[in-house]
Amino acid sequence: MKIKSQLSQIIQAALERADIPSDEEIIISDASKPEFGDYQFNGIMKLAKQLKKNPREIANQVIEQIPTEGMIAKVEVAGPGFINIWLSNAWLSDQSSAILDDTRVGVGYVEQPEKVIIDYSGPNMAKQMHVGHLRSSIIGDTLATLLAFLGDEVIRQNHIGDWGTQFGMLIAYLEEQGTDSSHQELKDLEQFYKDAKVRFDESEAFADTAREYVVKIQQGDTHCLQLWQQFIDSSLRHCEEVYEKLGVNLTRDDVRAESFYNDRLPAVITTLQSQNISTTSEGAECVFLEGSDTPIIVQKGDGGYLYSTTDLAALEYRAKELQADRICYVVDARQSEHFRQVFTIAKKAKMVPESVKLEHIAFGTMMDKSGKPFKTRDGGTVKLIDLLDEAVVRAKATIKERENQEEIDLDHVATALGIGAVKYADLSINRESNYLFSWDKMLSFDGNTALYMQYAYARIQSIFRKYEGELSGAIIIGDELEHRLALMLLKFEDTLTKAAVEATPHTITAYLYELVTLFMKFYEQNPILKEGVEESTKMSRLQLASLTGKVIKKGLEILGIEVVDKI
RNA sequence: GCGUCCGUAGCUCAAUUGGAUAGAGUUUCGGACUUCGGAUCCGACGGUUAUAGGUUCGAAUCCUAUCGGGCGCACCA
């Protein structure tokens with residue numbers, strides 16, 4: 001239900017009827033307080049200023065033109081010229097009843113679907129996935145699910161790091177150690193990488209050999225490529241294991257590795273040179289952008305290419321061959337300058353048409369309790385697979401603590417809760433700020449956590465285990481709480497739309513939290529199955545509960561979090 | 001040094017993009033209930049939005065300066 005845009009249209013029409021010229025977009029806000037109604041329109045003051053008229057007078061002229069039958073129950077002018085809007089109970093009743101059996105719980109589709117590329121996860125093939133990949137993987141996956149649900153055509157891209165100096169190093173070390181060890185799984189590859197790195201740092205001769213191997217791979221040496229392919233396969237299998245545990249929907253089909261763009265790199269340089277965007281400086285091919293003395297190097301003095309070059313090639317591929325309308329990079333905030341530069345160059349060189357939206361979906365660093373970057377006790381990076389396993393173990397312990405356990409599949413529930421807690425904790429804060437990782441906080445049943453939502457869902461399911469009849473009759477809005485609850489349920493689409501436009505998953509979690517607290521209050525005060533509740537009231541409340549459960553489930557599903565019927 | 005992002009309750013975070021008396025959770029204290037799942041609900045305490053100016057009907061949000069912090073800056077990705 002697109003409530004805000006409906007209200008915008010009503011205001012727009014009222015402005016026209018009142019003969020008040022306006023070319024501003026009509027932005028409807030949620031009311032800041034319950035006594036100000038359900039929604040408010042604050043644009044009159046700005047409008048009045050332009051027209052040099054009294055804002056309250058104009059506001060009064062406008063509300064005279066707003067019909068108070070159907071959707072709107074009441075409108076008022078308040079303060080310097082706010083227009084407060086109350087929705088009618090009858091309308092809420094009709095609308096919420098209408099979406100009960102809708103699998104999309106009333107959520108429509110975007111008016112103009114776009115083809116959207118979402119670049120996320122992007123693990124390095126030389127190492128195991130660590131906590132640094134967590135945020136990109138789950139924010140990106142949520143964004144992909146969300147946009148697809150709203151009707152965009154989503155293309156996921158996993159830009160894995162499978163090229164460059166490190167692989168020369170690995171292969172050189174493998175050759176040195178003997179090829180027998182080439183069948184090892186990634187657990188060993190991690191150690192293998194460390195050993196190779198030590199060798200690389202201590203021996204100049206080995207480092208030179210490693211660099212030679214890089215050139216060999218790039219020139220297509222069959223033997224080297226074969227060894228390289230083994231590393232990649234082993235590494236990808238490990239990633240897939242992590243994605244599986246994490247519930248992230250990336251497959252091999254989504255992989256467009258760095259090496260994929262290899263053939264396109266020389267053309268990038270030609271394109272830049274032919275338009276005089278790049279110049280040679282100190283032997284390297286450089287782009288100097290306005291306002292900065294330090295250039296972006298696109299080709300090294302030795303002829304090698306850099307990650308800016310690869311990113312430019314990827315941008316062109318995505319814009320021209322994949323025909324994207326919007327390209328989202330879910331990457332660490334520290335790379336914001338890099339993306340700003342690459343986006344500027346790509347547009348300047350017409351590698352990407354002006355109309356294509358390029359967005360860096362930046363996110364902050366994961367911190368530990370003391371506010372330092374998240375590391376293991378000995379200062380190493382925390383492996384993602386270990387973190388997820390620990391989450392499940394801790395969730396299991398939390399579940400066991402509670403009394404009156406129902407019959408449940410402990411492993412399944414612990415997985416849903418543990419993984420859900422990790423994901424929810426991350427998704428529920430503004431992605432741009434750094435994020436404090438705390439087991440205690442994320443595995444709490446109190447506050448804005450996955451467990452609180454999952455608990456609420458389980459409670460609702462419990463109602464329907466007790467009540468086995470059919471649902472019928474209308475949703476009746478009997479009091480203020482039911483009014484707010486029904487409205488909240490209908491706000492689901494507006495919430496998702498905002499989250500999609502701004503790429504902010506925390507908009508969804510904030511909504512779910514508000515919905516669930518509202519439901520808990522409603523449930524506390526308005527008995528459903530207790531003695532003495534009138535049949536029509538019971539039916540109405542059952543349906544509100546059912547709808548709430550469906551919205552919680554769908555909302556969590558978009559966030560990639562599972563619900564369970566019993567905890 | 002240059003650039004960039006940030007500074008909100010003791011702690012963790014919001015604030016619909018310039019709107020009304022800055023909201024939640026947590027902690028602490030108090031309360032409800034012979035529990036439709038009490039892992040619940042209600043209330044209280046807690047703020048000069050880092051500081052100082054400015055812009056205007058109106059600023060946590062925009063501008064300027066200062067203080068404090070994160071991050072990035074020529075051949076790694």
Side-chain angles (χ1 to χ4, degrees), chain A residues 4 27-33 35-36 39-40 42-43 45-46 48-49 55 78-82 84 122 124 126 161 163-166 258 281-286 291-308 310-311 332-338 340 362 364-365 367 369 371 373 398-399 401-404 406 425 428-430 432-436 438 440-441 444-449 451-452 455-456 458-463 465-467 494-495 498 502 506-507 510 513-514 517 520-521 523-531 533 538 541 545 566-567:
Chain A
K4 286 193 180 180
I27 297 169
I28 303 292
S29 314
D30 292 356
S32 54
K33 287 172 184 241
E35 57 262 41
F36 297 151
Y39 287 95
Q40 54 181 264
N42 305 327
M45 276 88 82
K46 193 184 281 180
K49 186 184 268 182
F82 299 102
N84 294 338
N124 189 314
W163 208 243
T165 323
Q166 338 168 34
E258 282 176 0
S281 167
E282 296 178 30
E285 194 64 21
C286 296
S292 172
D293 297 331
T294 51
I296 295 95
I297 299 177
V298 289
Q299 188 171 24
K300 295 193 281 186
D302 67 4
Y305 302 103
L306 292 128
Y307 79 130
S308 293
T310 313
D311 279 335
D332 196 299
R334 282 172 291 197
Q335 303 212 25
S336 59
E337 194 176 12
H338 164 71
R340 227 182 350 254
T365 313
M367 306 293 207
K369 256 190 214 142
T398 310
I399 297 164
E401 272 173 31
R402 70 189 295 267
E403 295 160 16
N404 303 326
E406 296 212 30
S428 60
I429 72 149
N430 179 348
E432 293 195 60
S433 47
N434 289 342
Y435 144 61
L436 218 108
S438 159
D440 292 341
K441 199 186 165 195
S444 167
F445 276 91
D446 303 315
N448 188 9
T449 65
L451 272 68
Y452 183 69
Y455 171 66
R459 255 183 115 168
I460 292 169
Q461 300 321 299
S462 155
I463 300 170
R465 279 195 294 275
K466 286 211 167 67
Y467 177 82
D494 280 346
T495 304
K498 181 170 152 69
E502 297 175 359
H506 85 280
T507 307
Y513 182 60
E514 209 178 331
T517 50
M520 289 291 198
K521 282 177 200 174
Y523 192 47
E524 195 82 12
Q525 289 182 31
N526 299 10
I528 300 177
L529 298 177
K530 285 187 177 167
E531 300 258 328
V533 180
K538 181 166 107 182
R541 291 178 180 169
K566 299 176 188 175
I567 293 174

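Just so we're on the same page: letters track the sequence lines, and every chain starts at 1.
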> Side chain of A/T310, backbone of A/E258: donor and acceptor closer than 3.5 Å?
Replying inline: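 A pair under 3.5 Å: no.
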> Would you say A/N84's side chain and A/Q40's backbone share a donor-acceptor pair under 3.5 angstrom?
Replying inline: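 A pair under 3.5 Å: no.
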Please tabulate the protein-to-nucleotide N/O contacts below 3.5 Å involving nucleotides 71-77 of chain B, giving atom names and distances.
| unit_1 | atom_1 | unit_2 | atom_2 | d |
| --- | --- | --- | --- | --- |
| B/G72 | O2' | A/E337 | OE1 | 3.4 |
| B/C73 | O2' | A/T294 | OG1 | 3.4 |
| B/A74 | N6 | A/S281 | OG | 3.3 |
| B/A74 | N6 | A/E282 | OE2 | 3.3 |
| B/A74 | N1 | A/S281 | OG | 3.1 |
| B/C75 | O2 | A/G301 | N | 2.8 |
| B/C75 | N4 | A/E282 | O | 2.8 |
| B/C76 | OP2 | A/K300 | NZ | 3.2 |
| B/A77 | O3' | A/E258 | OE1 | 3.3 |
| B/A77 | O3' | A/E258 | OE2 | 2.3 |
| B/A77 | N6 | A/Y307 | OH | 2.5 |
| B/A77 | N1 | A/Y307 | OH | 3.4 |

If the [atom1] atom of [N] is compared with that of [M], how far apart are they to the nearest Å?
N     : M     : atom1 : value
B/A50 : B/C67 : C1'   : 8 Å
B/A9  : B/A60 : C1'   : 14 Å
B/A44 : B/A59 : P     : 27 Å
B/U8  : B/A14 : P     : 11 Å
B/G30 : B/C71 : C1'   : 45 Å
B/U48 : B/C2  : C1'   : 34 Å
B/G25 : B/U21 : P     : 22 Å
B/G10 : B/G46 : P     : 11 Å

[X] [atom1] - [N] [atom2] separation (whole Å):
X      : N     : atom1 : atom2 : answer
A/E514 : B/G23 : CD    : P     : 14 Å
A/Q525 : B/C33 : CD    : P     : 14 Å
A/H506 : B/U17 : NE2   : C1'   : 12 Å
A/D30  : B/G19 : CG    : C1'   : 14 Å
A/D332 : B/C5  : CG    : C1'   : 12 Å
A/R340 : B/C5  : CZ    : P     : 6 Å
A/Y523 : B/C33 : OH    : P     : 19 Å
A/K369 : B/U12 : NZ    : P     : 12 Å

> Should stems be defined as at least three consecutive Watson-Crick or G-U pairs with both distances under 3.5 angstrom, which of them involve RNA chain B?
Replying inline: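 Ordered by first number, the stems with RNA chain B (at least 3 consecutive pairs each) read B:1-7 with B:67-73, B:10-13 with B:23-26, B:28-32 with B:40-44, B:50-54 with B:62-66.
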>> Tell me if B/U17 is syn or anti. Syn = glycosidic torsion within 90° of 0, anti otherwise.
In response: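 What B/U17 shows is a syn base, its glycosidic angle lying within 90° of 0.
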Under 4.0 Å, heavy atoms only, any strand: does [X] hit a base, just the sugar-phosphate, or nothing?
X      : answer
A/N84  : base
A/R465 : base
A/M520 : sugar-phosphate
A/I296 : nothing
A/A78  : base
A/N526 : base

> Does a distance-only test, which skips hydrogens and angles, find a donor-acceptor pair under 3.5 Å between the side chain of A/K49 and the base of B/U56?
Replying inline: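 There is none.
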> Do A/N430 side-chain and B/A15 base share a donor-acceptor contact under 3.5 Å?
Replying inline: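 Under the 3.5 Å cut-off, the side chain and the base do not form any donor-acceptor pair.
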Could you tell me which residues satisfy side chain to side chain contact (heavy atoms under 4.5 Å, CB included) with [X], sequence neighbours excluded, listed by chain and number?
X      : answer
A/K498 : A/E502, A/T507
A/S292 : A/T294
A/K49  : none

>> Between the base of B/G19 and the ring of A/F82 - centre-to-centre under 5.5 Å, planes within under 30° - is that a stack?
In response: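 A stacking contact does not exist, since A/F82 is not both close and nearly parallel to the base ring of B/G19.
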Nearest to side-chain heavy atoms of [X], which nucleotide of [options]:
X      : options             : answer
A/Y452 : B/A14, B/C41, B/G19 : B/C41
A/E502 : B/U40, B/U17, B/A15 : B/U17
A/K521 : B/A14, B/U17, B/C41 : B/C41

Please name all residues satisfying salt bridge (Lys or Arg N to Asp or Glu O under 4.0 Å) with [X], sequence neighbours left out, ordered by chain then number.
X      : answer
A/R334 : A/D332
A/D30  : A/K4, A/K491
A/K441 : none

Test of understanding: with ring-ring contact (aromatic ring centres under 6.0 Å, His included), list the residues that count as partners of [X], not counting sequence neighbours.
X      : answer
A/Y452 : A/Y513
A/Y39  : none
A/F82  : none

> Considering residues, nucleotides and ligands other than A/D302, do more than 12 of their heavy atoms fall under 6.0 Å from its CG?
Replying inline: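 Counting neighbours around CG of A/D302, more than 12 heavy atoms of other residues, nucleotides or ligands fall under 6.0 Å, so yes.
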> For A/E514, does the CD atom sit with more than 12 other heavy atoms under 6.0 Å from it, leaving out its own atoms?
Replying inline: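 Counting other residues, nucleotides and ligands, CD of A/E514 stays at 12 neighbours or fewer.
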> Closer to the 5' end of RNA chain B via nearest nucleotide, is it A/E524 or A/K33?
Replying inline: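 Closer to the 5' end of RNA chain B: A/K33.
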>> Both A/L436 and A/Q461 contact RNA chain B. Which one's nearest nucleotide lies toward the 5' end?
In response: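 By nearest-heavy-atom nucleotide position, the 5'-most residue is A/L436.
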>> So, applying side-chain contact (heavy atoms from CB on, under 4.5 Å) with A/R541, which one of A/I463, A/N526, A/L529 is it?
In response: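 Considering A/I463, A/N526, A/L529, a side-chain contact (heavy atoms from CB on, under 4.5 Å) with A/R541 is found only for A/N526.
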N/O to N/O distances under 3.5 Å, protein versus nucleotides 24-30 of chain B:
none

